[in-house]
Amino acid sequence: MDPEDNYTKVDVARSRYPYCIVWTPIPVLTWLFPFIGHMGIAMSSGVIRDFAGPFYVSEDDMAFGRPTKFWRLNPAKASSLQHSWDVAISSASEEYKHRMHNLCCDNCHSHVAMSLNLMQYERSSSWNMIKLAFYMLIHGKFVSLSAFLKTWLPFTVIATVMILLVILL
């Protein structure tokens, strides 16, 4: 039996990703570095929360558009007795509504990391933005071919042009 049969399915058309970490490209930044993007985490209902800017956590409206990748997590691996899946995400979101956004240090990845730390996902409280970026890179699944192209095509075009310029000049 597929483990996903035990809980609500992902619905890309409705942008519902229950128990998932989601990712979407950031224009220009992702074009240059395709592994860098914007991250959010979804409640059990599939509604996405993301630290979208200073003192603002959006709900169901990601800052840079609909997710292009998702990483499905297992809610049974949330081991905190005080913070269930939704409570942990809500608590982290409330905290981040009082924080200044910092692109390098305290950002959307940090918000997701705090959520996972509060719920002690996989019995860990050492989630951080670097670990999440790496895990999303290796475990994340693109929602469609067009989502893959939205992420990688601009980088490929820029890299190709740069290589051609180096060769021709």
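Annotation: side chain of I41 is not in contact with side chain of Y17 (no heavy-atom distance under 4.5 Å). The shortest distance between side-chain heavy atoms of L73 and L116 falls below 4.5 Å. Taking 4.5 Å as the limit, some side-chain heavy atom of K141 sits within range of a side-chain heavy atom of F70.
Hydrophobic clustering (side-chain heavy atoms under 4.5 Å, transitive across Ile, Leu, Val, Met, Phe, Trp, Tyr) keeps M39 apart from F142. Hydrophobic clustering keeps L153 apart from L32 (ILVMFWY residues linked when any side-chain heavy atoms are closer than 4.5 Å, directly or through intermediates). Cluster membership for F64 and L132, using ILVMFWY side-chain heavy atoms within less than 4.5 angstrom, is not shared. By the rule that hydrophobic residues join a cluster once side-chain heavy atoms approach within less than 4.5 Å of another member, M100 and V112 end up as members of separate clusters. V157 is not connected to F33 by any chain of hydrophobic side-chain contacts under 4.5 Å among Ile, Leu, Val, Met, Phe, Trp and Tyr, and they are in different clusters.
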Would you check, one step at a time, whether the test side-chain contact (heavy atoms from CB on, under 4.5 Å) holds for C20 with V10? CA-CA 9 Å; C20 291; V10 165; 3.9 Å; yes
Between M119 and S79, is a side-chain contact (heavy atoms from CB on, under 4.5 Å) present by the stated rule, with each step listed? CA-CA 6 Å; M119 69 178 74; S79 59; over 6 Å; no
CA sep, side-chain torsions, deciding dist, call: Y19, W85, ring pair (Phe, Tyr, Trp, His ring centres under 6.0 Å): CA-CA 8 Å; Y19 303 110; W85 187 272; 5.2 Å; yes
Go through the steps to decide whether Y121 and N74 satisfy the test side-chain hydrogen bond (donor to acceptor under 3.5 Å, both in side chains), and finish with yes or no. CA-CA 9 Å; Y121 189 77; N74 183 343; 5.9 Å; no
Is there a side-chain contact (heavy atoms from CB on, under 4.5 Å) between H83 and S115 once you walk through the steps? CA-CA 9 Å; H83 292 97; S115 298; over 6 Å; no
Evaluate side-chain contact (heavy atoms from CB on, under 4.5 Å) for H111 paired with V57, printing each intermediate quantity in order. CA-CA 9 Å; H111 168 252; V57 177; 4.1 Å; yes
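Salt bridge status for R16 with D60: present, with a side-chain N to carboxylate O gap under 4.0 Å.
Rounded to the nearest 0.5 angstrom, N128 CG and N117 CG are separated by 8.0 Å. Once rounded to the nearest 0.5 Å, the distance linking NZ of K69 with OG of S144 reads 13.0 Å. In this structure, I21 CD1 and I48 CD1 are separated by 12.0 Å, a value rounded to the nearest 0.5 Å. For the atom pair CG of L168 and CD1 of I163, the computed distance is 11.5 Å after rounding to the nearest 0.5 Å. The distance from atom CE of M136 to atom CD1 of I36, rounded to the nearest 0.5 Å, is 14.5 Å. How far OG of S126 is from NZ of K131: 4.0 Å, rounded to the nearest 0.5 Å.
Distance alone, capped at 3.5 Å, is enough to place a donor-acceptor pair between the S110 side chain and the C105 backbone. Between the side chain of K77 and the backbone N or O of R123 there is no donor-acceptor pair closer than 3.5 Å.
The side chain to side chain donor-acceptor pair (under 3.5 Å) analysis of residues 25-44, with sequence neighbours excluded, yields the pairs H38-D50, S44-D86.
Here the closest heavy-atom approach between residue N107 and residue M129 is recorded as ND2-CE, 3.5 Å. Looking at every heavy atom in both residues, R66 comes nearest to V12 through NH2-O, 2.8 Å. The two residues P25 and T151 have their closest heavy-atom pair at CG-OG1, 3.8 Å. The nearest pair of heavy atoms linking G37 to I26 is C-CD1, 3.6 Å. Scanning both residues, E94 and H98, for their nearest heavy atoms gives O-CD2, 2.9 Å.
More than 12 heavy-atom neighbours from other residues, nucleotides or ligands sit within 6.0 angstrom of CZ on F55.
Ring-plane geometry between Y135 and W71 is classed as perpendicular, the angle between the planes exceeding 60 degrees on a 0 to 90 degree scale with a lower cut at 30. Ring geometry, F51 versus H101: the interplanar angle falls from 30° to 60°, so the pair is classed tilted.
Residues passing the side chain to side chain contact (heavy atoms under 4.5 Å, CB included) test with S90, sequence neighbours excluded: M43, R49.
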